[in-house]
Student: 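Below is one structure. I have some questions about it.
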Amino acid sequence: MSRAQAQISMTSSPKSDYTMAELMVVAASREIKDNEIVFVGMRLPLLAFLLAKRLHAPSAVALFENGVIRESPANELLFTMGDPPNILGATMATSMITVMSLLQSGKVDVGFLGAGEVDKFGNLNSTLVIKQDGSKVRLPGSGGAADIASLAGRIVTLMDHSRKRLPERVSYLTSPGYGSGPNWREQVGLVRGGADCLITTKGILRFDSETKEAYLDTIHENIDLKEIISETGWALKTSDNLRKTSNPTDEELSVVRELDPNRFWTA
Amino acid sequence: MSKLISMSEAIKSFVNSGDSLIACTCMEQKIPFSAGHEIIRQGIKELTLLCPISDVLYDQMIGAGCVTRMMPAWVGNVMMGSAYNFRRAVEKNIPHPIEVIDYSNLTMACAIHAGAMGIPYMPTRSLLGSDILKGNDSLLEINSPFDKSERLCAVKALNPDVGIFHVQRADKNGSSHTWGNIGITSDAALAAKKVIIVAEEIVDSAVIESDPNRTVIPGLVVDAVVHDPFGAHPSPVQGAYNRDHKFYTDYHQQTRERDGFKRWLEEWVYGVEDRSDYCEKLGRDCLNSLKIKVSRPAVATEFGY
């Protein structure tokens, strides 16, 4: 869809006419607070960071694992973190180990991740999926994800919601969430962090502070609770205060569409 | 001393079958594609490839049958997702089986940093509890010698046989200026036993010495310098040319099946003699469309005293 078309459809019916990717970007942006240091990643989380920066977190700082630190947003849509517009105007273009030092020493508030699978304790698999017939699907691997999941203050993950993608236990634990439950992170020696929020194509899951198990906190518009439960690989608990996910505002949507005018990431 | 030689000569002299090789150290920028393609043309086999993130080049070398072992943090097509040759090799042993020893970005950076420093390992707080640690013999859980209650992951040093780095400019001795994100480039150049520099531009040493903070690799560790303009295409080189996004999306479509990859390889690697031939095939319009449109030089730096 062209930018002009997007603007027309936006003005004709503002709050119901958005894509699932747009809703996820908006939900992710609301997880970023002002002044936070954010390990951003690419795709939807990058748009979420730019949206937060524009609307409610103007002083948030972005770190990229290739060695880029940005206080001001890039001027163009990025397809990779190494695109020249992400270097021009950066605060610092440096080595990976410098940026990872900030992460390891506890200076990063929140990291955004995606994965092939996520389980009920927020562990992520982005390495290898073993299917029921024993065949394997090789995924690209950790990249920086396992480091970010080990060392950031908290983790927000964005995922498609299906039974296959949300098993009770990941078939390969690339990036640690809460492992096998309460106290696991402390026992293995991780010094901080853990899964905080899982934004899916059906709802938003958060993690119980005692049991460390993911529960459903909000349901997206037009999604049925039964559908979410049947598309989750474990007996999903729900919040006592289960609500609808807040719709994107006109302002949020207009910024997202300005950031991704051809809907490369948000179709 | 001039180390300036042709790409074909550099690969022939410094890369052997069975070597371990590190490239792609800036991640998505400045990937030495022209060197990788020459390795494929020379039929070098049984390579071990190391990287934090490989955006497509290693996928091409795997598909061409040059690789028996991967030591990566991530192998794919950054913009599009899967790298199909990597997947075919792991999932179906096509064109032949490869061993994969997984790392994360930080643990690869630590391994290369330790290699650069000449020490046996580097500790990190990452990967405790991860299956990556369990599946990799070069990552070991240890207790801090200073506080036994503190758990760490010890990452064994890596010193690859060869490092290949694409830079904006170098002198004939190999001292290299590069800018934009650096990734693990400086450490990898110190860790590698042999170093090949591929430069967009060859400059007088006076240019390098006018801005010593911009020198990321000193000539004293360099074995060969190759002048290969547009050698990093389709990846970007800050201040020289942009990323050719379409080339990556086309590659993704064309290499979904093995036959499609073979056609791609015939067309873009075996079908051209060298990088200047490749550039001719790409065409002037494509190259011009990727060149920088608006100049944005940094403020000049005063070194006087």
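Atom set for the values below is all heavy atoms of this structure, side chains included, hydrogens, waters and symmetry mates excluded.
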Student: Hey, which of A:M81, A:R43, A:M42 has the most heavy atom pairs under 4.5 Å with chain B?
Tutor: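 Of A:M81, A:R43, A:M42, A:R43 has the most heavy-atom pairs under 4.5 Å with chain B.
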
Student: Could you tell me if A:Q104 and B:T124 have a donor-acceptor pair between their side chains, going purely by distance under 3.5 Å?
Tutor: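 Yes, A:Q104 and B:T124 have a side-chain donor paired with an acceptor closer than 3.5 Å.
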
Student: Identify which part of A:F64 has an atom lying under 4.5 Å from any heavy atom of chain B, answering side chain, backbone, both or neither.
Tutor: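 No part of it gets close to chain B.
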
Student: Would you find a donor on one side and an acceptor on the other, under 3.5 Å apart, between the side chain of B:S130 and the backbone of A:S175?
Tutor: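 Not a single qualifying donor-acceptor pair exists.
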
Student: Could you look at B:A109 and say if it's the side chain, the backbone, both or neither that has a heavy atom under 4.5 Å from chain A?
Tutor: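 Backbone plus side chain of B:A109, per the 4.5 Å heavy-atom cut-off to chain A.
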
Student: Under a 4.5 Å heavy-atom cut-off, does chain A meet the side chain of B:Y103, its backbone, both or neither?
Tutor: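 Only the backbone of B:Y103 comes within 4.5 Å of chain A.
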
Student: Considering all heavy atoms of both residues, which atom of B:L127 and which atom of A:A146 are nearest to each other, and what is their separation?
Tutor: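 For B:L127 versus A:A146, the nearest heavy atoms are CD2-CB, 3.3 Å.
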
Student: Just so I know, are the side chains of A:Y172 and B:I132 near enough to count as touching, which here means a heavy-atom distance under 4.5 Å?
Tutor: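 Yes. Closest side-chain heavy atoms under 4.5 Å.
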
Student: What are the two closest heavy atoms between A:V188 and B:R151, and how far apart are they?
Tutor: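 Residues A:V188 and B:R151, closest heavy atoms: O-CB, 4.0 Å.
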
Student: Can you spot which of A:T174, A:T127, A:L128 makes a side-chain contact (heavy atoms from CB on, under 4.5 Å) with B:D102?
Tutor: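 Answer to the side-chain contact (heavy atoms from CB on, under 4.5 Å) test with B:D102 among A:T174, A:T127, A:L128: A:T127.
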
Student: Is any NZ, NE, NH1 or NH2 atom of the basic residue among A:D147 and B:R125 found under 4.0 Å from an Asp or Glu carboxylate oxygen of the other?
Tutor: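 No, no charged N to carboxylate O under 4.0 Å.
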
Student: Decide if atom CG of B:N93 counts as having more than 12 heavy atoms of other residues, nucleotides or ligands within a radius under 6.0 Å.
Tutor: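 More than 12 heavy atoms, drawn from other residues, nucleotides or ligands, come within 6.0 Å of this atom.
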
Student: Locate the shortest heavy-atom distance separating B:E91 from A:K136; write the atom from each residue and the value.
Tutor: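 Heavy atoms only, the tightest pair is CG-O, 3.3 Å.
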
Student: With a 4.5 angstrom heavy-atom cut-off, could you sort out which part of A:R185 is near chain B: side chain, backbone, both or neither?
Tutor: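 For A:R185, there is no contact with chain B at all, as no heavy atom is under 4.5 Å.
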
Student: Is it the backbone or the side chain of A:V170 that comes under 4.5 Å from a heavy atom of chain B, or both, or neither?
Tutor: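 When you check distances to chain B, no heavy atom of A:V170 falls under 4.5 Å.
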
Student: If we ignore hydrogens and angles and just use 3.5 Å, is the side chain of B:N181 paired with the main-chain N or O of A:G67 as donor and acceptor?
Tutor: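 Flag not set: sc B:N181 to bb A:G67 has no pair under 3.5 Å.
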
Student: Should A:N66 and B:E28 count as side-chain neighbours, where that means a heavy-atom distance under 4.5 Å?
Tutor: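 Side chain of A:N66 against side chain of B:E28, heavy atoms only: contact under 4.5 Å found.
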
Student: Return the CG to CG distance between A:L103 and B:L106, rounded to the nearest 0.5 Å.
Tutor: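 It is 7.5 Å, given to the nearest 0.5 Å.
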
Student: For residues A:M96 and B:P52, determine if any side-chain heavy atom of one lies less than 4.5 Å from a side-chain heavy atom of the other.
Tutor: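 A:M96 reaches B:P52 side chain to side chain.
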
Student: Which bit of B:V216 is near chain A, if near means a heavy-atom gap under 4.5 Å: side chain, backbone, both or neither?
Tutor: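 Interface part for B:V216: neither.
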
Student: Do you know the tightest heavy-atom contact between A:P84 and B:Y241?
Tutor: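 Closest approach of A:P84 to B:Y241: CG-O, 4.4 Å.
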
Student: Report which part of B:M79 has an atom under 4.5 Å of a heavy atom belonging to chain A: side chain, backbone, both, or neither.
Tutor: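 Contact with chain A involves both backbone and side-chain atoms of B:M79.
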
Student: I'd like to verify something: which residue of A:G189, A:G89, A:A93, A:S142 has the highest number of heavy-atom pairs under 4.5 Å with chain B?
Tutor: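 With the most close heavy-atom pairs to chain B, the winner is A:S142.
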
Student: For B:Q29 and A:D83, indicate whether the former's side chain and the latter's backbone hold a donor-acceptor pair under 3.5 Å.
Tutor: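 Flag not set: sc B:Q29 to bb A:D83 has no pair under 3.5 Å.
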
Student: Between A:G179, A:S126, A:G144, which residue shows the highest count of heavy-atom pairs closer than 4.5 Å to chain B?
Tutor: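 Maximum pair count with chain B is reached by A:G144.
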
Student: Given B:N105 and A:M100, is the side chain to side chain contact (heavy atoms under 4.5 Å, CB included) satisfied, shown in steps?
Tutor: CA-CA 9 Å; B:N105 279 345; A:M100 287 295 189; 3.9 Å; yes

Student: So which heavy atom on A:L88 is nearest to which on B:Q238, and how close?
Tutor: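 What the structure gives for the nearest pair is N-NE2, 3.9 Å.
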
